[in-house]
Amino acid sequence: MSTVGDHIPQDSLREKIFIIIFGHETPAGKTFDISLILCIIASVVVVILDSVKAIQADHGLLLQTLEWVFTAIFTVEYLLRIYCVRHPWRYMTSFFGIIDLLSIVPSFVGL
């Protein structure tokens, strides 16, 4: 078994997750990216629909449930990114790491 960088086994789960999340040229990476984009778009649509009083009155519970489903998905994605990178603190304090964190914090603060 070969290693990369900071002695992460290349065949490890951590490395496989890294390739899926950051490997844009792989089939799994492309699928991940497309799925994430669709989730982001759907999440924005849910928030927009929830801001319309008539729709919120009729479908409030569904919209709230969907919002929490998307929050869970984005939270898992953020945690997986932290898990699979070699330098988690560097990722967490990077522009994209902060954006990822800011995308999930409002839901948890709302609790």
Side-chain angles (χ1 to χ4, degrees):
M1 175 166 42
S2 60
T3 61
V4 293
D6 297 329
H7 308 290
I8 299 170
Q10 206 167 11
D11 296 328
S12 72
L13 176 62
R14 186 174 172 192
E15 184 68 18
K16 289 176 185 175
I17 292 170
F18 180 88
I19 291 168
I20 291 170
I21 292 177
F22 293 100
H24 309 292
E25 64 283 345
T26 66
K30 288 179 184 178
T31 301
F32 177 82
D33 288 346
I34 291 169
S35 299
L36 188 59
I37 289 168
L38 291 175
C39 282
I40 292 167
I41 292 168
S43 176
V44 170
V45 169
V46 166
V47 169
I48 290 169
L49 292 175
D50 195 43
S51 70
V52 178
K53 290 186 183 201
I55 295 173
Q56 202 279 335
D58 291 340
H59 305 287
L61 181 59
L62 172 63
L63 295 172
Q64 187 177 23
T65 301
L66 287 172
E67 192 172 333
W68 277 108
V69 167
F70 290 123
T71 298
I73 290 168
F74 298 142
T75 301
V76 169
E77 181 241 349
Y78 178 69
L79 294 173
L80 286 173
R81 286 181 186 271
I82 292 169
Y83 169 72
C84 74
V85 295
R86 289 188 191 102
H87 303 284
W89 188 248
R90 227 187 270 171
Y91 171 74
M92 291 166 49
T93 57
S94 72
F95 175 78
F96 290 110
I98 292 169
I99 295 297
D100 285 345
L101 180 62
L102 290 176
S103 73
I104 59 175
V105 165
S107 294
F108 292 112
V109 169
L111 284 177

From [atom1] ([X]) to [atom2] ([Y]), nearest 0.5 Å:
X: Arg86; Y: Tyr91; atom1: CZ; atom2: OH; result: 15.5 Å
X: Ile21; Y: Tyr83; atom1: CD1; atom2: OH; result: 10.5 Å
X: Asp33; Y: Thr26; atom1: CG; atom2: OG1; result: 8.0 Å
X: Ile55; Y: Asp50; atom1: CD1; atom2: CG; result: 9.5 Å
X: Ile17; Y: Glu77; atom1: CD1; atom2: CD; result: 12.0 Å
X: Leu62; Y: Gln56; atom1: CG; atom2: CD; result: 11.0 Å

For this session: Answer with yes or no whether the hydrophobic clustering places Leu61 together with Val69; edges join I, L, V, M, F, W, Y residues whose side-chain heavy atoms lie under 4.5 Å apart.
Result: no

Exercise. Do Trp89 and Val105 belong together in a cluster built from hydrophobic side chains that touch within less than 4.5 Å?
Worked result: yes

Measuring only between side-chain heavy atoms, which start at C-beta, is [X] closer than 4.5 Å to [Y]?
X: Phe74; Y: Leu36; value: yes
X: Ile20; Y: Leu80; value: no
X: Asp100; Y: Arg81; value: yes
X: Phe95; Y: Ile99; value: yes
X: Met92; Y: Leu101; value: no

Problem set entry | Trp68 and Phe108 aromatic ring geometry - parallel, tilted or perpendicular at 30°/60° bounds | perpendicular

For this session: Check whether more than 12 heavy atoms from other residues, nucleotides or ligands sit under 6.0 Å from atom CD of Gln64, and answer yes or no.
Result: no

Exercise. Does the Ser43 side chain pair with the main chain of Cys39, one donor and one acceptor, at a distance under 3.5 Å?
Worked result: no

Exercise. Checking Arg14 side chain against Val85 main chain: does a donor-acceptor pair fall under 3.5 Å?
Worked result: yes

Problem set entry | Minimal non-hydrogen separation, Val46 against Leu63, with atom names | CG1-O, 3.5 Å

Exercise. What's the shortest heavy-atom distance between Cys84 and Phe22, and which atoms?
Worked result: SG-CE1, 3.8 Å

